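Below is one structure, written out as structure tokens; comments come after it.
Chain identifiers are assigned alphabetically (A, B, ...) following the order of the sequence lines, protein sequences preceding nucleic acid strands; residue numbering begins at 1 within each chain. Everything quoted here is computed from the prediction, not taken from an experiment.
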2 protein chains.
Amino acid sequence: MAEPSGTARDPEAVSRFVEHFAAQMVEAGMSRMPARVFGALLASDAGVMTSAELGEQLKVSPAAVSGAVRYLSQVHMVSREREPGSRRERYRVHGDQWYEALTNREAVLKRWEDALREGVTSLGADTPAGRRLAETLAFFEFVEKEIETMMERWRVHREERFGRE
Amino acid sequence: MAEPSGTARDPEAVSRFVEHFAAQMVEAGMSRMPARVFGALLASDAGVMTSAELGEQLKVSPAAVSGAVRYLSQVHMVSREREPGSRRERYRVHGDQWYEALTNREAVLKRWEDALREGVTSLGADTPAGRRLAETLAFFEFVEKEIETMMERWRVHREERFGRE
DNA sequence: CCTTAACTTCACAAATTTCTGAAAGAAGCG
DNA sequence: CGCTTCTTTCAGAAATTTGTGAAGTTAAGG
């Protein structure tokens, strides 16, 4: 059973989740600090935290928070807002926005594809290596298209299950 | 136009591709040496190379090759074979095997899901944070299923385009 | 405008990761 | 069985990455 609203959550339970979740993201290639910041936001009830709150909860310096959120907004995993009537900055995870960003590795895919295309050309499309690269390239192009339609299906699925937010 | 078969390929063109491709893999989270070794294999005509060949081409020590191929076989991106009648080990990329492995991040997905499930429980399924985590979890579960069907579609697509190998 | 709160940038220290050389460990071959 | 060839392991050096403190920048509010 959940706490009555207004009661502070168990900070230790939050921290355990944040660190555990962040560890998975790190393993998947993300740097530690952005992963932790993201985890903290994801586990916050409001889905919004200030720099100070993030720094305090994660026990890190303002500089570390600054670097992490800069990265996270660049990859569109959080958005930053100015708190009206204050110099405080706030960072938010939108319920859906962030995993849309996760699949928006399109830029990444594109660069893989560029590298492969260049390889096919420079090694020769009619060499065994060139053919292998071409097939790999075709795979990435396929995946790119598939991800798009998958996200469309997800949006439908999500609406059914969670309703619009 | 391609070289007549039997002619050595331009080592510089190969190297350019390998390093460029490896750089993308690194950016996507893979360590440098495994990425380079994988690139070298991918760009080889035979799709097979010995430790010595890898070390020589990449200008690295046997120890570095050893570590890289250990990692690559663990994640099923290459397979190792014993060259018959020799102590030489050979490493191979199968045309298709490796990107099957790439999408076989299922283990990774599973761990993300575990972390999220634990978070939903410990933060409370009826809290705002718990609901956010639950939706994220649902997304991952959805993706996991989708990847499976996507790979089935790819195999069909591939057969049409490249024929069986 | 000046003060002050908040965020950012930067140089550096600490921690981590990566690669090497050397030594030890397997496995074919005589 | 020992010799030889190849691979792996391991300790440590080198390089890279990460996070901090301190100074610098911006903008709200008197």
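Atom C1' of nucleotide D:dA28 and atom CD of A:E89 are separated by 13 Å, given to the nearest angstrom. Distance B:R88 CZ to C:dA27 P: 17 Å, rounded to the nearest Å. If you measure from atom CG of A:L72 to atom P of C:dT8, you get 12 Å, rounded to the nearest angstrom. Computed from coordinates, the A:R82 CZ to D:dT26 P distance equals 12 Å when rounded to whole Å. In this entry the distance linking NZ of A:K59 with C1' of D:dG21 reads 19 Å, nearest Å. The interatomic distance linking B:M33 (CE) with C:dT18 (C1') rounds to 8 Å, in whole Å. The separation between A:R90 atom CZ and C:dA6 atom C1' is 15 Å, rounded to whole Å. A:R32 has its CZ atom 16 Å from the C1' atom of D:dT16, to the nearest Å.
If you check the side chains of B:H20 and A:E118, you find a donor sitting under 3.5 Å from an acceptor. Remark: the A:E135 side chain and the B:Y99 side chain contain an N/O donor-acceptor pair separated by less than 3.5 Å.
A salt bridge is defined here as a Lys NZ or Arg NE, NH1 or NH2 lying under 4.0 Å from an Asp or Glu carboxylate O, and B:R153 with B:E148 fails to meet this definition. Salt-bridge formation is detected for the pair A:R16/A:E12: a Lys NZ or Arg NE/NH1/NH2 atom is positioned less than 4.0 Å from an Asp or Glu carboxylate oxygen. Ion pair A:E141/A:R117 flagged as a salt bridge, since at least one NZ, NE, NH1 or NH2 atom sits closer than 4.0 Å to an Asp/Glu carboxylate oxygen.
At a threshold of 4.0 angstrom between heavy atoms, the contacts of A:T50 with the nucleic acid are absent. If you check every strand for non-hydrogen atoms under 4.0 Å, A:R80 touches sugar and phosphate atoms only. Counting any heavy atom pair closer than 4.0 Å across all strands shown, A:V65 reaches no nucleic acid atom. When heavy atoms are screened at a 4.0 angstrom cut-off, B:G67 is found touching no nucleic acid atom at all.
Within the 4.0 Å cut-off from OP1 or OP2 of D:dT7, not a single side-chain nitrogen or oxygen of B:R70 is found. Proximity of B:S86 to the phosphate of D:dC6: no side-chain N or O atom is located under 4.0 Å from OP1 or OP2. For the OP1/OP2 pair of C:dC7 and a distance below 4.0 Å, the side-chain nitrogens and oxygens of A:S51 include at least one atom meeting the criterion.
Along DNA chain C, the nucleotide closest to A:R87 and the one closest to A:P62 are compared, and the more 5′ of them pairs with A:R87. Place A:R36 and B:Y91 on DNA chain D by their nearest nucleotides, and B:Y91 ends up nearer the 5' end.
The side chain of A:S31 approaches D:dT18 more closely than any other nucleotide in the set D:dT18, D:dT9, D:dT20. Of the candidates C:dC10, D:dT8, C:dG21, D:dT8 carries the atom nearest the B:S66 side chain, counting heavy atoms from C-beta on.
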